[in-house]
Amino acid sequence: MVQSGKHTKSGSSDTRQDAAKRLNDVQLNDKSDHKAGVLTGDISQSQSFSDDDFTSILATLKALLSKYADQYSGDFDVYRGDAFQLVVKQPEHIMLIAIGLRLALKALNPSVDVRISAAVGDAQFRAKEVKTGTGEAFVLSGRGLDDIKPYHLAFHTSHQALENSTQLITRFADAHLTGLTPTQSQTLLAYIEASDKSHENVAAILNKNRSNVSRILNASNYKLVAEYLSYMEQEINVWKLGHRPLSNTPVK
């Protein structure tokens with residue numbers, strides 16, 4: 001992200017700004033507390049949409065990124081027209097965010113899919129400057145997007161045990177999500193995001209008949225998707241909290 005120039009009103013405000021910047025730099029350079037999750041993605045076949053449709057898609061994407069950034073202590077950037085990056089300080093939720101983004105966009109009319117490379121690791125970034133972030137989470141996420149085809153969802157980490165335990169099931173999850181219809185995507189997203197996950201409540205959220213919602217959820221294999229998200233959150237939490245030894249390969 002291009003840094004904007006600062007307008008200085010007075011010497012005293014200069015001093016306060018400098019002090020705040022030094023404090024921010026100290027906090028950001030404390031790597032022990034900066035395990036983060038990073039998503040790097042782009043809109044699939046963005047050139048196929050009309051200008052009006054693409055403008056609407058982009059507005060929805062920005063609103064979703066803003067929601068997740070606020071919810072999980074992060075920040076985001078949209079750049080190059082159809083590309084985006086999100087970083088959150090709660091990495092255990094990174095796959096929930098990735099799948100939430102895909103489902104919300106697939107539920108649109110016209111339906112749209114995105115390629116998303118998620119990664120967890122050390123990360124340093126400043127608010128509103130996500131594009132200039134550094135650290136292994138940014139490196140792995142960016143590299144992952146470069147190599148993501150023919151898939152739409154990927155997860156990466158430098159910790160080999162976590163990488164090995166999540167690669168295959170993430171590819172299965174990706175294949176499943178790719179095949180969902182817009183209606184299935186909308187219903188599955190409502191289920192995932194609901195605090196009360198009863199079918200009655202999901203039906204009320206969507207203003208639909210309960211039996212119809214149950215049919216759609218079953219066709220969407222909602223329980224498997226929920227189990228995948230629970231598993232990923234658990235595994236990333238184990239890595240984050242250091243509850244087991246993991247083989248760590250430095251990212252160069």
Side-chain angles (χ1 to χ4, degrees), residues 1 36-49 53-108 110-121 123 125 128-157 163 166-167 170-180 182 185 188-189 192-193 225 228-229 232 236:
M1 181 182 293
V38 175
L39 295 180
T40 306
D42 60 20
I43 299 172
S44 299
Q45 300 179 333
S46 60
Q47 300 301 316
S48 66
F49 299 102
D53 283 342
F54 185 75
T55 298
S56 178
I57 290 166
L58 200 59
T60 300
L61 174 62
K62 289 179 178 178
L64 290 166
L65 291 170
S66 179
K67 179 186 78 169
Y68 287 126
D70 289 344
Q71 190 170 354
Y72 297 111
S73 306
D75 211 335
F76 73 94
D77 189 18
V78 177
Y79 56 96
R80 212 178 59 223
D82 63 353
F84 58 91
Q85 196 161 54
L86 170 74
V87 56
V88 293
K89 297 177 183 177
Q90 301 177 47
E92 62 272 22
H93 300 298
I94 198 68
M95 298 312 291
L96 172 64
I97 298 169
I99 287 180
L101 282 170
R102 284 193 69 187
L103 292 175
L105 293 170
K106 283 174 69 67
L108 294 178
S111 181
V112 59
D113 209 346
V114 286
R115 290 180 288 260
I116 299 178
S117 171
V120 296
F125 68 98
K128 309 303 180 185
E129 297 180 13
V130 173
K131 192 177 175 182
T132 63
T134 60
E136 65 179 5
F138 281 99
V139 173
L140 290 169
S141 180
R143 287 179 184 173
L145 185 64
D146 291 339
D147 300 331
I148 200 169
K149 291 182 179 180
Y151 307 107
H152 280 78
L153 181 67
F155 174 78
H156 300 284
T157 174
E163 179 96 355
T166 56
Q167 289 300 295
T170 296
R171 289 188 180 181
F172 271 105
D174 176 39
H176 176 64
L177 293 171
T178 299
L180 294 177
S185 298
L188 182 56
L189 178 63
I192 288 172
E193 293 189 337
V225 176
Y228 167 77
L229 290 173
M232 292 298 293
I236 295 171

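Just so it is clear, the values below take in all heavy atoms, side chains as well, and ignore hydrogens, waters and symmetry mates. Note that the numbering runs from 1 along the sequence shown for the chain.
Counting only heavy atoms from C-beta outward, the side chains of L140 and V38 never approach each other to under 4.5 Å. Contact annotation: the side chain of L39 never approaches that of Y68 to less than 4.5 Å [non-hydrogen atoms, C-beta and beyond]. By the 4.5 Å heavy-atom criterion applied to side chains, V130 and L86 are not counted as neighbours. Residues F84 and D77 have side chains not in contact (no heavy-atom distance under 4.5 Å, counting atoms from C-beta outward).
Taking CZ of R102 as the reference point, atom CG of L177 lies at 5.0 Å (rounded to 0.5 Å). One finds the CZ atom of R115 at 14.5 Å from the OH atom of Y151 (value rounded to the nearest 0.5 Å). Once rounded to the nearest 0.5 Å, the distance linking CG of L101 with CG of D113 reads 11.0 Å. Between I94 atom CD1 and M232 atom CE the span is 10.0 Å, to the nearest 0.5 Å. The structure places NE2 of H176 at 9.0 Å from CD1 of I99, a figure rounded to the nearest 0.5 Å. From F138, atom CZ reaches atom CZ of F125 across 6.5 Å, with rounding to the nearest 0.5 Å.
Across every non-hydrogen atom of L108 and V112, the tightest pair is CD1-CG1, 4.1 Å. Closest approach of V78 and L65 over heavy atoms only: CG2-CD1, 3.8 Å. Contact record, T40 with G142: OG1-N, 3.9 Å, taken as the closest heavy-atom pair. Contact detail for P91 and A36: the closest heavy-atom pair is CB-C, 3.6 Å. Among all heavy-atom pairs drawn from I148 and I116, the shortest one is CD1-O, 3.4 Å. Considering all non-hydrogen atoms of both residues, V120 and A137 come closest at C-CB, 4.0 Å.
Donor-acceptor pairing under 3.5 Å is lacking for the side chains of S141 and H156. Looking only at atom types and distance, the side chain of S117 has no donor-acceptor partner in the side chain of R143 under 3.5 Å away. E163 and T157 share no side-chain donor-acceptor pair at under 3.5 Å.
Judged by distance alone, with hydrogens and angles left aside, the side-chain atoms of D42 form no donor-acceptor pair with the main-chain N or O of D82 at under 3.5 Å. Not a single donor-acceptor pair under 3.5 Å links the side chain of S66 to the backbone N or O of K62. Side-chain N or O atoms of S111 include one that pairs as donor or acceptor with a backbone N or O of K106 at under 3.5 Å. Side chain of Q85 to backbone of G41: no donor-acceptor contact under 3.5 angstrom is found.
Other residues, nucleotides and ligands contribute at most 12 non-hydrogen atoms within 6.0 Å of the CZ atom of F172.
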Problem set entry | F155 vs M95, side chain to side chain contact (heavy atoms under 4.5 Å, CB included): CA-CA, chis, key distance, verdict | CA-CA 8 Å; F155 174 78; M95 298 312 291; 3.7 Å; yes
